[in-house]
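To start, the structure under review is shown below, and the notes come after it.
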Amino acid sequence: MSIRHGLLALLERGPRYGSQLRTEFESRTGSTWPLNVGQVYTTLSRLERDGMVAQDGEDDAGHALYSITEDGRNELRSWFATPVDRASPPRDELAIKLAMAVGAPGVDIRAVIQSQRSHTLKAMQDYTRLKAQALADVPADRDEVAWLLVVEQLIFQAEAEARWLDHCESRLVRLAAAAATEPAAPTSHGTTRSTAPRPSARR
């Protein structure tokens, strides 16, 4: 999530101070990606350093205001016009977890998948309920439309994750079945080593 560009987009609507930017950012995204004031001011400081925002006096309450510069507008237009790069996708904790769980001693990867699937489906139900609430009334302003777009993206993302988990489980089942039907490896004497349990020597 580009906090940097999100703040530039909000500043294009006019001068803002830090906590105001945080409130508007969270309103626009439905608090899906909550910010703290420290993040906002750190980002504003870097944008100011890069010449994309400038301090613009204070409001009546003494809050320091920031305005977008022409360089900031050019950066924002470039961001809107450029597709999100998929060449270096962000790290996905779930994908890393499953990759590490494969073959890890003492880990039941199917249990890991089933636990995650339950969580994902519950999240999808929660997002769908939020969408239904948002659609109960026609969205009144662009902040509500923006939130609706965000929650629909979360629904699609959860649906895709659930399908991927189903695929992972099916692949593991197929691999287990294939391993069970592989011929036993020959021993150094050319005989076939049996994988069946040896009979007890007790009489």
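- Using a 4.0 Å cut-off between a side-chain N of Lys or Arg and a carboxylate O of Asp or Glu, Glu70 and Arg77 qualify as a salt bridge.
- Counting heavy atoms from C-beta on, the side chains of Arg142 and Arg28 come closer than 4.5 Å.
- Ser115 places no side-chain N or O within donor-acceptor distance of the main-chain N or O of Ala111, the cut-off being under 3.5 Å.
- No single ILVMFWY cluster, assembled from side-chain heavy atoms under 4.5 Å apart, contains both Ile96 and Val107.
- For the atom pair Glu161 CD and Cys168 SG, the distance stands at 10.0 Å (nearest 0.5 Å).
- In this structure, Tyr66 contributes its side chain and Leu11 its backbone to no donor-acceptor pair below 3.5 Å.
- Side-chain contact between Leu94 and Leu165 is present, with at least one heavy-atom pair separated by less than 4.5 Å.
- Atom CZ of Arg13 has more than 12 heavy atoms from other residues, nucleotides or ligands within 6.0 Å.
- A distance of 11.0 Å separates CD1 of Ile113 from NZ of Lys97, quoted to the nearest 0.5 Å.
- For the side-chain hydrogen bond (donor to acceptor under 3.5 Å, both in side chains) test with Thr120, the passing option among Lys122, Gln116, Arg117 is Gln116; the others fail.
- Summarising the geometry, atom CD belonging to Glu152 is positioned 10.5 Å from atom CH2 belonging to Trp147; distances are rounded to the nearest 0.5 Å.
- Panel note: side chain Glu144, backbone Ala134; no donor-acceptor pair is recorded below 3.5 Å.
- Distance alone, capped at 3.5 Å, is enough to place a donor-acceptor pair between the Ser170 side chain and the Asp166 backbone.
- A salt bridge links Asp126 to Arg129: at least one charged side-chain nitrogen sits closer than 4.0 Å to a carboxylate oxygen.
- The same ILVMFWY cluster, assembled from side-chain heavy atoms under 4.5 Å apart, contains both Phe80 and Leu47.
- Linking ILVMFWY residues whenever their side-chain heavy atoms come closer than 4.5 Å, directly or via other members, places Val37 and Leu10 in the same cluster.
- In this structure, CD1 in Ile155 is found 4.0 Å from OG1 in Thr128, a value given to the nearest 0.5 Å.
- Across Val151 and Leu130, no two heavy atoms sit closer than the pair CG2-CB, 4.0 Å.
- Going from atom CG of Leu149 over to atom CG of Leu154 covers 11.0 Å, rounded to the nearest 0.5 Å.
- Remark: the backbone N or O of Phe25 is paired with a side-chain donor or acceptor of Thr29 at under 3.5 angstrom.
- Panel note: side chain Arg86, backbone Val84; no donor-acceptor pair is recorded below 3.5 Å.
- Nearest approach of Leu44 to Gly18, heavy atoms of both residues: CD1-CA, 4.3 Å.
- Closest non-hydrogen pair, Ile3 versus Gln39, comes out as CD1-NE2, 3.7 Å.
- Shown here for Ala64 and Gln55, the closest heavy-atom pair between the two residues is CB-OE1, 4.5 Å.
- Under the 4.5 Å side-chain heavy-atom criterion for ILVMFWY residues, a single connected hydrophobic cluster contains both Val112 and Val102.
- Within the 4.5 Å cutoff, no side-chain heavy atoms of Arg16 are placed close to those of Leu7.
- A 4.5 Å side-chain heavy-atom check between Leu21 and Thr43 finds every atom pair outside the cut-off.
- Of all heavy-atom pairs spanning Asp71 and Gly51, the tightest one is CB-O, 3.5 Å.
- Interatomic distance, Ser67 OG to Met52 CE, rounded to the nearest 0.5 Å: 15.5 Å.
- Nearest heavy-atom pair across Arg22 and Leu35 is CD-O, 3.2 Å.
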